[in-house]
Structure formats: C-alpha cells, structure tokens
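Read through the structure below, which is laid out as structure tokens, and then see the notes.
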Amino acid sequence: MAGLRVNVNVGVLGHIDSGKTALARALSTTASTAAFDKQPQSRERGITLDLGFSCFSVPLPARLRPALPASEAACDAGPEVAEPQLQVTLVDCPGHASLIRTIIGGAQIIDLMMLVIDVTKGMQTQSAECLVIGQIACQKLLVVLNKIDLLAEGKKQAAIDKMTKKMQKTLEKTKFRGAPIIPVAAKPGGPEALETEAPQGISELIELLKSQISIPKRDPSGPFLMSVDHCFSIKGQGTVMTGTILSGSVSLSDNVEIPALKVVKKVKSMQMFHMPVTSAMQGDRVGICVTQFDPKLLERGLVCAPESLHTIHAALISLEKIPYFRGPLQTKAKFHITVGHETVMGRLMFFSPTPDCFNQEPVLDSFDFSREYLFQEQFLCKDLAPTDSGEADQQADQATEGHYPQQQWALMEFEKPITCPRLCLVIGSRLDADIHANTCRLAFHGTLLHGLEDKNYTESFLPKLKVYKLKHKNGLVERVIDDYSVIGRSLFKKETNIQLFVGLKVYLSTGELGVIDSAFGQSGKFKVHIPGGLSPESKKIMMPVLKKRGRAGRGEATKEEEGAERPEPSQPVTLRLTFKRYVFDTHKRMVQSP
Ligand SMILES: Nc1nc2c(ncn2[C@@H]2O[C@H](COP(=O)(O)OP(=O)(O)OP(=O)(O)O)[C@@H](O)[C@H]2O)c(=O)[nH]1
Ligand SMILES: [Mg+2]
C-alpha cells in the first residue's frame with residue numbers, strides 16, 4: 001500500500017565555505033541528479049556554482065498530519081510506504097558573492113531557510129545578504145552554527161554559547177527574532193577527513209527541522225506554473241526539466257508552455273526523486289520529460305500552462321527599500337532586477353501617493369489607475385539623501401517629521417523583456433558594487449502589480465498612468481495697474497509661451513490670490529488678475545509704485561507698455577505659481593494643483 005508523501009523545500013544558504021554543501025550532504029539520504037557540486041567546474045574550484053538539490057525523508061510528524069488536505073496525494077510518488085512521509089528537499093545554494101542571482105532564485109522556492117554560519121567566523125558579508133533575502137522570500141529560518149569541531153576542546157561549549165548569543169542579537173532586528181540556533185559539524189576534520197568520520201549534531205538538526213517545518217497550504221487548482229532550475233537531455237527519452245511547482249498541478253499528457261520561447265510541449269513522463277509519477281502539484285519538486293526540445297534553449301526559467309504567462313517590457317511595482325542598502329534609490333537609476341531565476345537590467349521611476357493619501361493602507365494585489373500619483377526624484381524614506389535639485393527638496397518637504405507614505409511604487413523598464421506571473425516577487429540590487437566591500441547590494445524588494453506587454457507601451461499605455469510632478473515657480477510683482485490687476489515678472493523665461501499658463505492661480509506673498517490673465521509684452525512679463533482685489537495693506541506696500549508712476553507719468557501711466565523702467569514696490573512682493581504636470585502627458589499640459 002502506498003502512503004502519503006509531502007514535500008517541503010528547505011534552503012541551505014550562507015557565506016562561501018561555511019559548509020552548506022557539506023551540510024546538505026550530511027542531511028541527505030537520496031541525492032538527486034544535480035546535488036553536491038556535480039559540475040566538473042564546481043569540483044575543480046571547490047565551490048558551489050549552481051543550485052544543488054537533494055532530499056531526505058522522515059516519518060511525517062503527527063502535528064502535521066491533520067493539516068493534510070484530502071487531495072494531498074502524491075501517493076504514487078513514493079515506494080511502498082505505509083506511513084505518511086515528510087520529504088525534505090534541500091536547496092543547496094552557492095555562497096560566492098558573484099552568484100547572488102542564483103541564490104535569490106533559490107530562495108524564492110523555499111519554505112524554510114537554514115542559514116549556515118561558520119562558528120569560527122560568525123556573520124560574514126554574504127551571511128548578511130542571505131539574511132536579507134530570507135526576510136524577503138521566506139517565512140521561517142533556523143541558524144546552523146557549523147564546524148564546531150574546529151573549536152578547542154574544553155572551550156567548545158563556551159564558544160558555541162557566545163556565538164549563539166551574538167546570532168540572537170543579530171536576529172533581534174529581523175523578522176526572525178528568536179529563531180532557533182543549533183551547533184553542528186557537517187564534515188568534522190574538513191576536506192582531508194575520512195569519509196567515515198561521522199558528522200555531529202545532524203540527528204538533532206533533523207529533529208529541529210521536524211519541529212520547525214510547517215506545511216504551507218498547497219493548492220492544486222489555478223494555472224500550472226513551475227520554476228525550472230535544470231534542463232538536460234536523456235538519451236532515448238527526451239528532454240527533462242527539473243524544478244519546483246509554484247502553483248497549480250500537472251499531469252501526464254498535459255500540454256505545457258515554455259513562455260520565454262513560446263513553445264508548447266506535451267508531458268511525456270514525470271518523476272519525483274527518481275520515482276515515476278502521473279501528477280504533481282504546488283510545492284512538489286518534479287522532473288518533466290518532453291520530446292523534441294533542445295535543452296540548450298532553456299537553462300533556468302518558467303514553464304506554465306499554455307498562455308497563462310506573459311512576456312513584459314515594463315512593469316508597475318509596489319516596493320520597499322532594503323534598510324541595509326546604503327544610498328538613495330533614485331529615479332532613472334539602473335538596478336539589476338531579479339524575477340524568479342531571471343535577472344535583467346531595469347531603469348526605475350519612483351512615485352508615491354499624493355500627500356493627502358500618505359496614510360492609506362497599502363494595496364498589494366492591484367494597481368489603481370484611477371488615482372493620481374506624485375512623481376518622486378527618489379524613493380522617500382528616513383535616510384533620504386539631500387540632492388542638489390530643488391525639486392527633491394520639495395519632496396523632502398512633503399515627507400517631513402517622520403511622515404512617509406505607507407506605500408510607494410515604481411515604473412520599471414527592462415532592457416530585455418522578461419516572462420513572469422502577476423504579483424511575483426521582484427528584487428532589485430546593485431550587483432556591480434564591489435563584492436569585497438562589506439556592503440549590502442540588495443536595494444529593494446517589491447511585488448509586480450501590473451506588467452506591460454506591449455513593446456510600444458510608452459505611447460499605448462503610459463499616458464494612462466497619472467503620475468504628476470508638482471512644479472513651483474516664483475516670480476515678483478513688478479507693479480500695480482489697478483486694484484484688481486498687477487504686472488508680474490521673473491516667473492517665466494522670455495521664450496516661454498505664457499498662453500499655456502493662462503488661467504492658473506498664483507499666490508501673492510501679501511496673501512491675495514491671482515489668476516494669470518495674459519502675457520504682457522515680449523520679455524516674459526504677464527498680467528495677473530486679482531479677483532478679490534488688493535487689500536489696503538498690500539496696496540500700501542505697492543503704493544510707491546503707483547505714486548512714482550503718477551509723477552513721471554505724462555500720460556504714460558495709462559499706456560500699459562512693458563519695457564519702460566519703473567520703480568518697484570518698496571518691499572518685494574512675490575508671486576508663487578504651483579501646478580501639476582503629468583509625466584506621461586504627451587501634450588505637456590499644465591494643470592492647476594489644488
Ligand atoms: N572542519 C570542518 N570543515 C568543514 C565542515 N563542514 C565543511 N567543512 C569544510 O569547509 C569547506 C567548505 O565546505 P563546503 O560544504 O563546500 O562549503 P559551502 O558553504 O558549500 O561553499 P560554497 O558553496 O562554495 O559557498 C570544505 O573544505 C569542507 O570540507 C565542518 O563541519 N568542519
Ligand atoms: Mg556549496
């Protein structure tokens with residue numbers, strides 16, 4: 001009688017040489033095709049270059065059994081086992097800094113992360129990056145202090161306790177506060193040690209895993225989507241794509257699409273850890289065999305139900321900055337954008353809610369095109385860097401005294417189109433940063449809310465996106481014409497078409513509201529109508545103008561010509577014009593701001 005078998009993916013992440021592969025090896029009983037640095041280059045260099053997959057099974061802990069849905073039946077996956085089994089698939093990630101794309105890809109398919117720390121070294125640069133990735137992509141974490149065999153006998157426990165405390169302190173500031181920390185020696189004696197040398201602490205680690213693992217809700221419904229991490233051919237069989245099912249389910253003879261290549265293939269056979277199966281669902285790790293497909297065409301990527309995914313050239317995302325990233329996130333800056341296993345260069349434009357909506361609760365499953373948004377030179381956050389641009393100062397004004405928007409967005413434009421599902425995780429990083437510098441290269445993470453499939457999106461789509469810049473212009477009152485009108489200057493350049501600004505409101509520093517009425521002459525001056533009239537106070541300030549003009553008048557006072565030298569108000573009276581300009585408005589209209 002076949003039993004139930006439930007799969008969970010456990011990631012093994014950490015700094016280079018902390019012993020991740022050794023740990024995966026110690027934990028595994030069944031190795032899959034790509035486990036344990038099988039690549040010849042990997043062996044040569046002694047480092048992991050790619051994701052490695054291996055697994056071990058334990059009886060399913062009693063506390064997890066009630067959680068099993070009735071349909072949880074990869075029953076045909078396993079051998080003749082009567083007792084329900086928990087299959088732990090270990091995803092051994094590389095540690096080398098240059099392979100962070102692979103690590104991010106790996107982290108997205110795991111249910112729990114084991115952060116491996118070399119107990120003699122403690123937190124290192126990539127341990128910190130892995131912790132950041134874990135916080136973005138995983139729900140659960142446990143810390144493995146490896147290489148305890150290197151600690152001096154007699155002082156061993158004290159050293160373990162000390163490092164445990166340090167790690168607890170590090171976790172304190174993260175969402176993994178209070179996560180378990182366990183000491184092991186995955187390969188006591190290191191590379192030279194005999195294979196027979198038994199690892200230490202592994203059974204305790206397995207017990208800990210059993211107590212920590214929770215089975216995420218798996219759902220066989222919804223469109224089939226699988227993250228493929230290896231693709232290779234098997235003589236006489238066809239091409240096998242191995243990976244983790246992210247959503248839905250797949251059965252023998254189903255058609256599946258490789259969206260990046262726009263080809264559809266029929267599932268000829270399937271395996272889960274060397275066992276043939278007829279169907280598989282969300283959370284399972286499978287190998288799918290198809291025919292007449294060149295494995296060289298696909299290394300990493302997605303496979304899905306036909307036509308369920310789309311290839312996009314740009315996207316709207318909701319995002320958060322990673323606090324450890326130094327420096328601002330600036331509009332127009334380029335970042336490495338990782339979506340699933342794909343990493344492309346992308347350029348960003350940030351925008352926020354309008355200031356009256358800063359407190360609105362974030363909406364993470366859709367983008368509201370009916371709302372207006374405020375353009376930002378950079379992502380608004382507490383460590384907002386001052387810039388030379390006056391506009392950024394204005395924005396800093398809008399987010400003062402700890403008042404920051406609850407949600408911010410960006411338009412991401414890719415250098416190369418990518419294929420991804422809606423609402424997928426997006427990670428932005430600066431991988432060009434020096435890998436030896438002890439800095440966090442991960443800059444932001446977010447959710448893809450809307451993908452733009454049309455290559456011509458700048459014209460076809462962007463005008464719908466109501467992101468505006470709030471523009472401020474300051475000018476001066478040159479003189480008063482009568483109680484209801486003044487002449488302004490220094491607000492526009494000589495060549496500006498003032499006609500475009502007619503009807504917009506201006507505020508006088510004396511408190512009156514004015515409306516731009518018309519251009520006045522050729523040098524950028526303009527006439528402002530004051531509907532409520534000038535107050536006596538204001539007139540006093542501006543009076544000298546009238547007087548002087550009266551005296552030097554010789555009838556000229558009524559002749560409203562510009563250019564003539566005239567004395568100005570005794571105190572300068574300024575005019576402030578504020579208007580909106582929609583970033584994607586092809587007509588570049590100026591719109592009155594509230
Ligand atoms: N003494 C001792 N050495 C260990 C232990 N675990 C691993 N090593 C050694 O540490 C080195 C690195 O081990 P790996 O398992 O390849 O480390 P890794 O974290 O997978 O390295 P990358 O994948 O390249 O980042 C090897 O020489 C191992 O033999 C341990 O528990 N004790
Ligand atoms: Mg390794």
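The residues of the chain are indexed from 1 along the displayed sequence. Just follow the structure's listing: the first ligand is 1, and inside any ligand the first atom is 1.
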Can you list the atoms of ligand 1 that are under 4.0 Å from a heavy atom of [X]?
| X | result |
| --- | --- |
| Gly19 | 7 (C), 13 (O), 14 (P), 15 (O), 17 (O), 18 (P), 19 (O) |
| Gly189 | 1 (N) |
| Ala22 | 6 (N), 7 (C), 15 (O) |
| Ala185 | 31 (O) |

**Report entry** Distance under 6.0 Å and angle within 45° of ring axis: Arg430 vs Phe325
**Finding:**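 The answer is no; the distance or angle limit is not met.
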**Report entry** Check: Gln282 side chain, Asp219 main-chain N or O, donor-acceptor pair, under 3.5 Å
**Finding:** yes
Query raised in the report: In chain order, what residues pass the salt bridge (Lys or Arg N to Asp or Glu O under 4.0 Å) check against Glu204, with sequence neighbours excluded?
Result: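 Glu204 satisfies salt bridge (Lys or Arg N to Asp or Glu O under 4.0 Å) with no residue once adjacent residues are dropped.
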Query raised in the report: Just distances here: any N/O of Ala186 and N/O of ligand 1 closer than 3.5 Å?
Result: yes
Report summary line: Heavy-atom proximity to atom 10 (O) of ligand 1, picking from Lys187, Lys147, Glu197, points to Lys147
Query raised in the report: Thr89 pairs by side-chain hydrogen bond (donor to acceptor under 3.5 Å, both in side chains) with which of Asp111, Asp284, Asn7?
Result: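 Per the side-chain hydrogen bond (donor to acceptor under 3.5 Å, both in side chains) rule, the option paired with Thr89 is Asn7, out of Asp111, Asp284, Asn7.
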Query raised in the report: So which pairs with a foot in residues 128-139 pass side chain to side chain donor-acceptor pair (under 3.5 Å), sequence neighbours left out?
Result: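 Non-adjacent pairs meeting side chain to side chain donor-acceptor pair (under 3.5 Å): Gln126-Glu129, Glu129-Arg441.
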Mind checking whether [X] contacts ligand 1 via backbone (N, CA, C, O), side chain (CB onward), both or neither, at a 4.0 Å heavy-atom cut-off?
| X | value |
| --- | --- |
| Ile148 | neither |
| Asn146 | side chain |
| Asp17 | both |

Requested in this report: Assess whether salt bridge (Lys or Arg N to Asp or Glu O under 4.0 Å) is satisfied between Arg285 and Asp229, documenting all intermediate values.
Outcome: CA-CA 10 Å; Arg285 202 177 146 68; Asp229 41 67; 3.1 Å; yes
Requested in this report: Salt-bridge test for Glu257 and Lys262: reply yes if a basic N is under 4.0 Å from a carboxylate O, no otherwise.
Outcome: no
